[in-house]
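What you see below is based on every heavy atom in this structure, not just the backbone, and it leaves out hydrogens, waters and symmetry mates.
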Amino acid sequence: MRSLPLPLALTARLAPVAVLATAGWALSSGPDTSPAAKDKTPPDTTSRSASAPATQAATKTYAAAPAPCGALAGKTVTSLVPGAKAAGKEIPSTDTEVRRTCSWNALKGYDYRWLDVSFEVMETDAAAQKSYQERVADRSGGGEVPGLGDSAYSVVNLTTEDKQQTREGTVLVRAANALVVITYNGSDFESKKAPGTTEINKGAIKAAKEAVAALQNGQG
């Protein structure tokens, strides 16, 4: 998705879900008809069955990913990505109940901005927490964002390609069994410089707060 000579390409981070099925074969033999077997008294399983704990499926706080392109207010989109259409463009997903991503990008004059909002829903809180911790570990140099979801982390990095700087901010948020991932970056093609760290970080966090609110409002 690179219609302009941009220094940064969008990497699709779609995570296809692999469903593994296993089959078992039950082997049984005929009844034991020997004399000894006739004298045996069948064990009493009534009390054991009555006292056995019931298996209960875990209740998921979030059953499906919300529509990502409606997660941000129109004025938020136009302030973070000047020149972009507020509607955004949803990126195709292999399973829209598990993961949905919306993208906005625009070049206004020489100023370029790109914003992604992604929702990922997992089976359990523990699975979401594990994925969150793994992703944070892969993005060193950032810090926690207090008061956002159950846990949140932001990091900003600067890259240079062909003397053109691009600064990208990422915010990861875990809310129960769901993850919200924000990616926000920018470049100035006239000065070859990138927007400041504070500007990118604040923009990414602002988008994350609205996205988490959209997730929570769509609960149930």
Side-chain angles (χ1 to χ4, degrees), residues 10-21 53-77 79-81 84-105 114-139 142-155 168-185 201-220:
L10 170 65
T11 302
R13 293 175 288 273
L14 303 179
V17 177
V19 180
L20 305 178
T55 303
Q56 204 169 24
T59 301
K60 294 194 295 183
T61 302
Y62 303 107
C69 292
L72 304 183
K75 63 181 181 180
T76 299
V77 172
S79 67
L80 296 180
V81 189
K85 294 181 179 180
K89 181 179 181 181
E90 185 162 357
I91 297 174
S93 173
T94 54
D95 189 341
T96 55
E97 289 195 359
V98 174
R99 176 173 179 139
R100 297 181 71 176
T101 300
C102 189
S103 182
W104 296 265
N105 65 87
W114 188 298
L115 173 65
D116 281 352
V117 173
S118 179
F119 295 102
E120 299 177 38
V121 174
M122 302 185 181
E123 288 298 317
T124 64
D125 290 16
Q129 175 67 6
K130 179 181 178 182
S131 180
Y132 171 83
Q133 291 175 336
E134 291 173 348
R135 298 184 197 201
V136 168
D138 288 338
R139 295 170 171 84
E144 294 183 359
V145 182
L148 186 55
D150 293 311
S151 50
Y153 175 86
S154 70
V155 62
E168 179 171 285
T170 301
V171 177
L172 302 169
V173 184
R174 183 186 74 83
N177 63 306
L179 293 181
V180 178
V181 184
I182 305 296
T183 305
Y184 180 49
N185 64 56
N201 191 48
K202 283 186 175 180
I205 292 175
K206 178 178 177 61
K209 288 180 177 179
E210 289 193 20
V212 170
L215 173 71
Q216 294 171 340
N217 291 337
Q219 178 180 349

So which atom in Ala204 and which in Ile182 form the shortest heavy-atom distance, rounded to 0.1 Å? O-CG2, 3.7 Å
Exercise: identify the closest heavy-atom pair between Ala64 and Val121: C-CG2, 3.5 Å
Stepwise side chain to side chain contact (heavy atoms under 4.5 Å, CB included) check, Lys209 with Leu148: CA-CA 7 Å; Lys209 288 180 177 179; Leu148 186 55; 3.8 Å; yes
Rounded to the nearest 0.5 Å, the CG atom of Asn185 sits from the CH2 atom of Trp114 at a distance of 8.0 Å
Would you say the side-chain atoms of Ser79 pair up with the backbone N or O of Thr76, donor to acceptor, closer than 3.5 Å? yes
Any donor-acceptor pair under 3.5 Å from Arg174 side chain to Ala176 backbone: yes
Out of curiosity, Thr170 OG1 to Arg135 CZ, how far, rounded to the nearest 0.5 Å? 11.0 Å
From Glu134 CD over to Gln129 CD, what is the distance, rounded to the nearest 0.5 angstrom? 10.5 Å
Could you tell me if Asn177 and Thr124 have a donor-acceptor pair between their side chains, going purely by distance under 3.5 Å? no
For a quick check under 3.5 Å, do Asp116 and Thr101 share a side-chain donor-acceptor pair by atom type? no
Answer yes or no: is there a donor N or O on one side and an acceptor on the other, between the side chain of Tyr132 and the main chain of Ala152, under 3.5 Å? yes
Nearest heavy atoms of Ala178 and Ala128, plus distance in Å: N-CB, 4.1 Å
Walk me through whether Val145 and Leu172 qualify under side chain to side chain contact (heavy atoms under 4.5 Å, CB included). CA-CA 9 Å; Val145 182; Leu172 302 169; over 6 Å; no
Might you point out which heavy atoms bring Cys69 and Ala87 nearest each other, and give the distance in Å? CB-O, 3.3 Å
How long is the gap from CG on Leu215 to CD on Glu120, to the nearest 0.5 Å? 12.0 Å
To the nearest 0.5 Å, what is the distance between CD (Gln216) and OH (Tyr62)? 4.5 Å
Any heavy-atom pair between the side chains of Pro68 and Glu90 that's under 4.5 Å? yes
How long is the span from the CD atom in Glu210 to the NZ atom in Lys206, to the nearest 0.5 Å? 5.0 Å
Tightest non-hydrogen contact, residues Tyr153 and Gly142, listed as OH-N, 2.9 Å
Before you tell me yes or no, could you show the steps for Arg99 and Ser118 under side chain to side chain contact (heavy atoms under 4.5 Å, CB included), namely the whole-Å CA-CA distance, both residues' side-chain angles and the distance that decides it to 0.1 Å? CA-CA 7 Å; Arg99 176 173 179 139; Ser118 179; 3.5 Å; yes
Between the main-chain N or O of Leu80 and the side-chain N or O of Tyr184, is there a donor-acceptor pair closer than 3.5 Å? yes
Please report the shortest heavy-atom distance between Ala207 and Leu72, naming the atom on each side. O-CD2, 3.4 Å
So, do Val180 and Phe119 sit near enough that their side-chain heavy atoms are less than 4.5 Å apart? yes
